[in-house]
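What you are looking at is a predicted structure, and each value in this text was computed from that prediction instead of being measured.
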Amino acid sequence: MMTDSVLSAVLGAVVGGVLAIAGAYTANWFQLRTTLRARMNQVIAERKVSANADAYRYMKLIELHITEHTDVEALAFMHRHEDWLFANRLFLPSAFAETWRSLRTTLRWISETSGIHDSETLRRLRLQALKLAREAMREIYHDMDFEDGGPDRKAPA
């Protein structure tokens, strides 16, 4: 027959074992969760860099079309890349999509009514479109933590 001290020792060992198993399980779960979250953040950062690089390249091409007075080509370019915009919207600066839509609307207005407007109005609208394209590029720089067209490099402390 077992004595109370042996029974309490066995019970203590069983409880200790159960708590050790629960602790190991919790630690593994927390480590897995942290690892998955870190991997997700890494993938998001990679997609964000890729989307911003594409957005910058597209805005430079649109800016080139506008400066060469090929507004219809710029508008067609934007229409061809609408799917890209919707696929990458989460990874772009928050105001980029709105700026894209404003630029598209301005270009549509220029191209659809170019025969109606006088040269001064067309010039003003093109300047507005250029301003919007440059604003979108500034948003990309800001989103990527770049200042004045270059990375924001600080000396180590």
Heavy-atom count around Arg37 CZ within 6.0 Å, excluding the residue itself: above 12?
no
Can you find a heavy atom in the side chain of Leu85 that is under 4.5 Å from one in the side chain of Met78?
no
Using a 4.5 Å cut-off on heavy atoms from C-beta on, say whether the side chain of Val43 contacts that of Arg39.
yes
Side-chain donor-acceptor distances from residues 15-26 under 3.5 Å, at least two apart:
{"residue": "Thr26", "atom": "OG1", "partner": "Ala22", "partner atom": "O", "Å": "2.9"}

Is [Y] reachable from [X] through a run of I, L, V, M, F, W or Y residues, each pair having side-chain heavy atoms under 4.5 Å apart?
X: Val49; Y: Met137; answer: yes
X: Leu130; Y: Leu75; answer: yes
X: Phe91; Y: Ile140; answer: no

Might you point out which heavy atoms bring Ala55 and Leu92 nearest each other, and give the distance in Å?
CB-CD2, 3.7 Å
To the nearest 0.5 angstrom, please state how far the [atom1] atom of [X] sits from the [atom2] atom of [Y].
X: Gln128; Y: Arg124; atom1: CD; atom2: CZ; result: 8.0 Å
X: Ile62; Y: Leu132; atom1: CD1; atom2: CG; result: 11.0 Å
X: Leu107; Y: Arg126; atom1: CG; atom2: CZ; result: 9.5 Å
X: Leu125; Y: Lys131; atom1: CG; atom2: NZ; result: 13.0 Å
X: Asn52; Y: Met59; atom1: CG; atom2: CE; result: 11.5 Å
X: Thr121; Y: Ile110; atom1: OG1; atom2: CD1; result: 10.5 Å

For Leu64, check side chain to side chain contact (heavy atoms under 4.5 Å, CB included) against everything at least two apart and list the hits.
Thr67, Glu68
Taking the side chain from Ser50 and the backbone from Glu46, do they hold a donor-acceptor pair closer than 3.5 Å?
no
Quick note, side-chain hydrogen bond (donor to acceptor under 3.5 Å, both in side chains) partners involving residues 27-36, not counting sequence neighbours, are none
Quick one: which residue pairs count as a ring pair (Phe, Tyr, Trp, His ring centres under 6.0 Å) with a foot in residues 46-78, not counting sequence neighbours?
Tyr56-Tyr141, Tyr58-Phe77, Tyr58-His81, Tyr58-Trp84, Phe77-His81
Pair listing, salt bridge (Lys or Arg N to Asp or Glu O under 4.0 Å) test, anchored in residues 134-143, at least two apart:
Lys48-Asp143, Glu63-Arg134
Do any pairs count as a salt bridge (Lys or Arg N to Asp or Glu O under 4.0 Å) and have a residue in residues 87-98, sequence neighbours left out, and if so which ones?
Glu98-Arg101
